[in-house]
Amino acid sequence: MKKPVPNSHLNDLESYKGGKSKVDGIEIFFKLSSNENPFGPSKLVSNAYIDALNDITVYPDPSNNDLIQKLSDFYSLVPDKIICGCGSDEILHLLARAYLGGNDEAIVSENCFAVYPLAIKASGARVVRAKEINFKTQIQSILDLTNNATKMVFIANPNNPTGTMISYNDIIELQSKLPSNVLLVIDEAYAEYVKDENYKNYFELVNNNSNVIITRTFSKVYGLAGLRVGWAYCPKEVIEVLNRLRIPFSVNSSAQKVAIAALNDQKHVSDSVKHNAIWLSIMEEKFKGLGFNVTASDCNFLLIEAGSNLNFSAEEIYEFLCSKGLIVRQMKEYNLSDYLRITIGTEEANKLVISSLEELLK
Ligand SMILES: Cc1ncc(COP(=O)(O)O)c(C=O)c1O
């Protein structure tokens, strides 16, 4: 009997594996595997969520009007150039579906965010990885790989899982040297954690060019990963194409309301950023002191390598931390099996990470 057969380009596509939230037989106290805000949402946001309950019987506004207006006011952006999605993941996938096909190539950095290769392959196109130096995206290696088949470049700035970022000048140079038919997607999921005044200028790049897209998310510092809201600033023509593709109500009504409340509570954002900055440098020093190789990070996580000077493998360290109720991210699916990625948590979580590692390694 004949069976339904999916498109052949989907055969070697694996599904996305997020950070684990449980481990069989172990009570996990702190999830440090997906770079969420350890404080969760603010009080204002919780109240907005309860309030949003009144709306769940009717379909949400398919155009996300109020949220777009709020984003436009807050960041001084052109509202017609903003699109919201069910997480920025939805927008990344829509972009790949809309602009890539069978004979195309899309360039990503060697250790890029895992969603890009999935979205590229799902569209039938080829993933081309540009070499990094010290875990840093290199614009020259991207330019060297650009050819007639190249249709998109995805860069997370700063990047997950490495935590590294490239300068505003590098981005400007890359944009100016890329052919104008190549879409440059700059994913700023961790922007709020970066102390770089140039960030507001990236939006100008969208205003001044027809091939630049910036994506942002409410999943990280805003503490709304479970609600699934992301957005992008894009040329109008891109928005029109994405609007044809997207499902009508991908951002639910609670998500739309709560994201507005989250933007209204910038104190929560700045408190979270301050906490992160303090603990990022403490954790970096402690990890180094324990013998890990640590990549300097501009995000809310650290990528650490269990090098040959440690008596335990990354796998063994992961298992030990789990036994202490701490779940961090293994890096096997990124082909970095000697590494772990650890999200900066609450003070209590961070102290438990440090004391657990000291117990194991000292
Ligand atoms: C670089 C990067 N981009 C995008 C996302 C996805 O964000 P969202 O939750 O908005 O889909 C993540 C989540 O881990 C990320 O690390």
Side-chain angles (χ1 to χ4, degrees), residues 15-21 31-38 40-41 64 67 71 82-97 106 108-120 122 132 135-137 152-166 171 184-194 199 202 213-234 242 246-247 250-252 255-256 258-259 262-263 276 295 297-303 327-331 333-334 336 339 341-344:
S15 54
Y16 177 75
K17 290 177 196 67
K20 284 190 190 165
S21 48
K31 177 175 184 283
L32 305 172
S33 56
S34 300
N35 309 333
E36 294 120 339
N37 184 331
N64 305 301
L67 177 54
L71 287 165
I82 300 174
I83 185 165
C84 298
C86 178
S88 48
D89 282 346
E90 186 196 12
I91 300 171
L92 297 167
H93 273 273
L94 284 176
L95 286 165
R97 263 174 72 200
V108 297
S109 201
E110 191 177 350
N111 295 292
C112 68
F113 177 45
V115 164
Y116 311 151
L118 297 180
I120 295 163
E132 295 173 353
F135 283 129
K136 239 180 157 179
T137 299
M152 291 180 86
V153 174
F154 288 91
I155 291 182
N157 206 34
N159 184 46
N160 170 23
T162 58
T164 58
M165 67 182 299
I166 58 175
I171 293 275
L184 173 60
V185 181
I186 308 167
D187 176 346
E188 297 183 347
Y190 299 92
E192 294 82 2
Y193 292 107
V194 180
Y199 254 114
Y202 285 76
I213 291 161
I214 287 179
T215 62
R216 291 270 182 126
T217 184
F218 283 92
S219 299
K220 304 301 172 188
V221 82
Y222 284 101
L224 302 182
L227 216 51
R228 312 303 302 126
V229 206
W231 60 283
Y233 197 50
C234 315
L242 300 192
R246 60 195 286 253
I247 59 164
S250 67
V251 187
N252 68 65
Q256 293 185 37
V258 172
L263 276 170
N276 189 67
T295 306
S297 169
D298 274 294
C299 296
N300 63 340
F301 57 83
L302 283 162
L303 183 68
I327 190 157
V328 302
R329 185 67 171 259
Q330 289 184 292
M331 288 283 108
E333 87 243 30
Y334 282 91
L336 295 169
Y339 291 75
R341 195 194 65 199
I342 304 185
T343 306
I344 302 301

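Note that ligands are numbered from 1 as they come in the structure, with each ligand's atoms numbered from 1 the same way.
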Pick out the protein N or O atoms lying less than 3.5 Å from any N or O of ligand 1, and list each pair with its distance.
| from | atom 1 | to | atom 2 | distance (Å) |
| --- | --- | --- | --- | --- |
| ligand 1 | 3 (N) | Asp187 | OD1 | 3.3 |
| ligand 1 | 3 (N) | Asp187 | OD2 | 2.5 |
| ligand 1 | 7 (O) | Ser88 | OG | 3.2 |
| ligand 1 | 9 (O) | Ser219 | OG | 2.6 |
| ligand 1 | 9 (O) | Arg228 | NH1 | 2.8 |
| ligand 1 | 9 (O) | Arg228 | NH2 | 3.4 |
| ligand 1 | 10 (O) | Ser88 | N | 2.7 |
| ligand 1 | 10 (O) | Ser88 | OG | 2.9 |
| ligand 1 | 10 (O) | Thr217 | OG1 | 2.5 |
| ligand 1 | 10 (O) | Ser219 | OG | 3.4 |
| ligand 1 | 11 (O) | Ser88 | N | 3.2 |
| ligand 1 | 11 (O) | Asp89 | N | 3.0 |
| ligand 1 | 11 (O) | Asp89 | OD1 | 3.4 |
| ligand 1 | 11 (O) | Asp89 | OD2 | 3.3 |
| ligand 1 | 11 (O) | Arg228 | NH2 | 2.8 |
| ligand 1 | 14 (O) | Lys220 | NZ | 2.8 |
| ligand 1 | 16 (O) | Asn160 | ND2 | 2.7 |
| ligand 1 | 16 (O) | Tyr190 | OH | 2.7 |

Subject >> Asp89: partners by side chain to side chain contact (heavy atoms under 4.5 Å, CB included), with sequence neighbours left out >> reply: Leu92, Phe113, Val115, Arg228

Original post:
Should Pro161 and Met331 count as side-chain neighbours, where that means a heavy-atom distance under 4.5 Å?
Top reply: yes

Original post:
Do you know which of Asn160, Leu32, Leu302 makes side chain to side chain contact (heavy atoms under 4.5 Å, CB included) with Arg341?
Top reply: Asn160

Original post:
Taking side chain as C-beta onward, heavy atoms only, is Trp231 less than 4.5 Å from Leu67?
Top reply: no

**OP:** Compare all side-chain heavy atoms of Asp298 with those of Tyr190 and state whether any distance is below 4.5 angstrom.
**Re:** no

Original post:
Do Thr137 and Ser109 have a side chain donor and acceptor closer than 3.5 Å?
Top reply: yes

